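Keep in mind that what you see is a predicted model, and the values were worked out from it rather than measured.
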Amino acid sequence: YQQVVDKSLDLIRDITPPEQWMNGIPSYTFWWLIIQRDWYFYTGRLRYLHESADYIFRVTQNILKHIAEDGNEHFFSKDTEEKEDGIRSYFVDWETNGSEEAKNGFYSVMIMALEAAQELCGLLNNSSLAVKCGHALALLRAYWLPQPENRQIAALMVLAGRADAVQMDAEILSKEAVDDITTFLGYYTLLAKGMAGNVQGAVAIIKKYWGRMIELGATSFWESFRLADADGAPGIDRILMPGEKDIHGDFGAYCYKQRRCSLCHGWACGPTPFLSKYVLGIHPLESGCRKLLVRPQLASLQYAKGSFPTPYGTVTVTAEKTDGKVNTEVKAPPEVEIVR
């Protein structure tokens, strides 16, 4: 538990009427619902969830009223097609902003949000609204959109249950190079590859993409990064010589230009929860982490050790390959049941 998460979730709730979209962008409201569900699942704090119950109900109803019976959506009109800051309809992230595939990603995040809303409504004893979420989810899942080429959008489809993980990994997620991996949606690409059973492929992406930031002197991960920009660039941990590339000052697009890119950004930390979930193999089975499945997948690694926070204390997992087998040691607080 970190108080800053509560404060951030509460602040954007308090400054955004439920009939409007957070930061003026529907997908930001979608993510808020997803985070509320995840935050409850990891912390088990139902009392905190009740503090936002009315808002959750109203914002869910606002989403539902924008979904037609044919599965199409009615979030946008021509006069709202593009905001003054360049954000276009179906915004998911900057790199796919305005692309033909953005609607596919938007639909996927909306499905994940309504899945979260359905769970939240069940927890908060609003069964009628939960049923309405289920009806809308069926409509959205049946709505056809063309298969994307962008790896991040394809990953969101997998996570939303709109595409088979193994098939999508073979056709889209495993392509090279990693030019379309981004610091934000790259996390969801890792998760989709994990769902496909391709943990080794995900670890390779982490080494190549996030590892390149470390090679450039990063001690925390960056808000935005293009692998191609790093060719021939020296690190950020020394003074540049005349004529050398400035990986921080010379590159960047959208709102990340000319040193406006944060070199310590939360949404870029996706490898950390991915490694916990798939390499260490830690899967919470109950809210509040009272029961954890621990099943490491070392892939090409020989050894892994990490810690996982729970409301009852820290769980540590050590896994090592010996004679082709993975030997695992788990240390956990007595309140936490470990399932192997």
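Between the side chain of Asn23 and the backbone N or O of Ile25 there is no donor-acceptor pair closer than 3.5 Å. For Asn62 (side chain) and Pro18 (main-chain N/O), a donor-acceptor pair under 3.5 Å exists by modelled atom type. Under the 3.5 Å distance criterion, the side-chain polar atoms of Ser52 are left unmatched by any main-chain donor or acceptor of Tyr48. Side-chain atoms of Ser300 do not come within 3.5 Å of backbone N or O of Gln200 as any donor-acceptor pair. Formation of a donor-acceptor pair under 3.5 Å by the Ser27 side chain with backbone atoms of Phe91 is found in this model. Remark: the backbone N or O of Ala299 is not paired with any side-chain donor or acceptor of Gln297 at under 3.5 angstrom. With hydrogens and angles disregarded, a donor-acceptor distance shorter than 3.5 Å links the side chain of Asn104 to the backbone of Pro146. Counting only distance, with no hydrogens or angles, the side chain of Ser276 and the backbone of Gly306 share no donor-acceptor pair below 3.5 Å. Looking at Arg260, its side chain does come within 3.5 Å of a backbone N or O of Cys255 through a donor-acceptor pair. Side chain of Arg238 to main chain of Gly235: no donor-acceptor pair is present (N/O by atom type, distance under 3.5 Å, no hydrogens or angles).
By the 4.5 Å heavy-atom criterion applied to side chains, Thr328 and Thr318 are not counted as neighbours. Side-chain atoms of Leu292 and Glu337, non-hydrogen and from C-beta on, never get closer than 4.5 Å to each other. In this structure the side chain of Tyr187 reaches within 4.5 angstrom of the side chain of Pro273, judged on heavy atoms. Using a 4.5 Å heavy-atom threshold, the side chains of Cys121 and Ser127 count as separate. With a 4.5 Å cut-off on side-chain heavy atoms, Arg212 and Phe225 count as touching. Residues Ile67 and Leu114 are in side-chain contact: their nearest non-hydrogen atoms beyond the backbone lie under 4.5 Å apart. Between Val336 and Ile338, some side-chain heavy-atom pair lies under the 4.5 Å cut-off. Using a 4.5 Å heavy-atom threshold, the side chains of Leu191 and Met195 count as separate.
One finds no salt bridge joining Asp250 and Lys245 here, because no Lys/Arg side-chain nitrogen approaches an Asp/Glu carboxylate oxygen to under 4.0 Å. The pair Lys291-Glu335 does not meet the salt-bridge criterion, since no charged nitrogen lies less than 4.0 angstrom from a carboxylate oxygen. Using a 4.0 Å cut-off between charged side-chain N and carboxylate O, Arg141 and Glu115 make a salt bridge. Ion pairing between a basic and an acidic side chain is recognised when a charged N comes within 4.0 Å of a carboxylate O; Lys7 and Asp10 show no such pairing.
Residues Lys193 and Ser174 have side chains that bring a donor and an acceptor to within less than 3.5 angstrom of each other. Side-chain atoms of Asn126 and Ser128 include a donor-acceptor pair closer than 3.5 Å.
Using cut-offs of 30° and 60° for the angle between ring planes, the Tyr90 and Phe76 rings count as perpendicular. Ring geometry for Phe75 versus His66: interplanar angle under 30°, hence parallel rather than tilted (30 to 60°). Aromatic ring pairs are classed by plane angle as parallel below 30°, tilted from 30° to 60° and perpendicular above 60°; the pair His265 and Trp267 is tilted.
The distance from the CG atom of Asn150 to the CD1 atom of Ile172 is 9.0 Å, given to the nearest 0.5 Å. Taking CG of Leu280 as the reference point, atom CZ of Phe308 lies at 10.0 Å (rounded to 0.5 Å). Annotation: the span from Leu173 atom CG to Met168 atom CE amounts to 7.0 Å, rounded to 0.5 Å. A distance of 8.0 Å separates CG of Leu156 from OH of Tyr188, quoted to the nearest 0.5 Å. Taken from CD in Glu95 to CD1 in Ile181, the straight-line distance is 11.0 Å, to the nearest 0.5 Å. With rounding to the nearest 0.5 angstrom, the CZ atom of Arg226 is 9.5 Å from the CD1 atom of Ile247.
In summary, of the residues considered (Tyr42, Phe41, Tyr278), a ring-ring contact (aromatic ring centres under 6.0 Å, His included) with His283 occurs for Tyr278 alone.
For CD of Glu215, the number of neighbouring non-hydrogen atoms (other residues, nucleotides, ligands) closer than 6.0 Å is greater than 12. For Arg47, the CZ atom counts as loosely surrounded, since its 6.0 Å shell holds 12 or fewer non-hydrogen atoms of other residues, nucleotides or ligands. In the displayed structure, Gln258 atom CD is contacted under 6.0 Å by at most 12 heavy atoms of other residues, nucleotides or ligands. Within 6.0 Å of atom CZ in Arg290, more than 12 heavy atoms from other residues, nucleotides or ligands are found, so the atom counts as buried in its surroundings. Applying the 6.0 Å contact sphere to CD of Glu100 captures no more than 12 heavy atoms from other residues, nucleotides or ligands. Annotation for Glu19: atom CD counts as buried by contact number, over 12 foreign heavy atoms lying within 6.0 Å.
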Apply side chain to side chain contact (heavy atoms under 4.5 Å, CB included) to the pair Val59 and Arg13, showing each step before the final yes or no.
-> CA-CA 10 Å; Val59 81; Arg13 175 200 65 195; over 6 Å; no
Are Glu329 and Lys305 close enough, and set up right, to give a salt bridge (Lys or Arg N to Asp or Glu O under 4.0 Å), and what steps lead you there?
-> CA-CA 9 Å; Glu329 179 185 357; Lys305 180 179 181 180; over 6 Å; no
Carefully, step by step, assess Leu139 and Leu137 under the rule side chain to side chain contact (heavy atoms under 4.5 Å, CB included).
-> CA-CA 5 Å; Leu139 298 175; Leu137 283 166; over 6 Å; no
Stepwise side chain to side chain contact (heavy atoms under 4.5 Å, CB included) check, Val279 with Leu301 = CA-CA 9 Å; Val279 174; Leu301 304 174; 4.0 Å; yes
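Under a hydrophobic-cluster definition in which Ile, Leu, Val, Met, Phe, Trp and Tyr are linked whenever side-chain heavy atoms come within less than 4.5 Å, directly or via other members, Leu275 and Ile214 are assigned to the same cluster.
The cationic group of Arg58 does not satisfy the cation-pi geometry with Tyr55, failing either the under 6.0 Å distance to the six-membered ring centre or the 45° limit from the ring axis.
The shortest heavy-atom contact between Ala319 and Val326 is CB-CG1, 4.0 Å.
With sequence neighbours excluded, no residue satisfies ring pair (Phe, Tyr, Trp, His ring centres under 6.0 Å) with Tyr40. Here Tyr107 pairs with Tyr143 under the ring pair (Phe, Tyr, Trp, His ring centres under 6.0 Å) rule; sequence neighbours left out.
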Could you pull out all donor-acceptor pairs under 3.5 Å where a side-chain atom in residues 30-39 meets a protein atom, sequence neighbours excluded?
{"unit_1": "Trp32", "atom_1": "NE1", "unit_2": "Leu9", "atom_2": "O", "d": "3.1"}
{"unit_1": "Arg37", "atom_1": "NH1", "unit_2": "Glu119", "atom_2": "OE2", "d": "3.0"}
{"unit_1": "Trp39", "atom_1": "NE1", "unit_2": "Asp6", "atom_2": "OD1", "d": "2.8"}

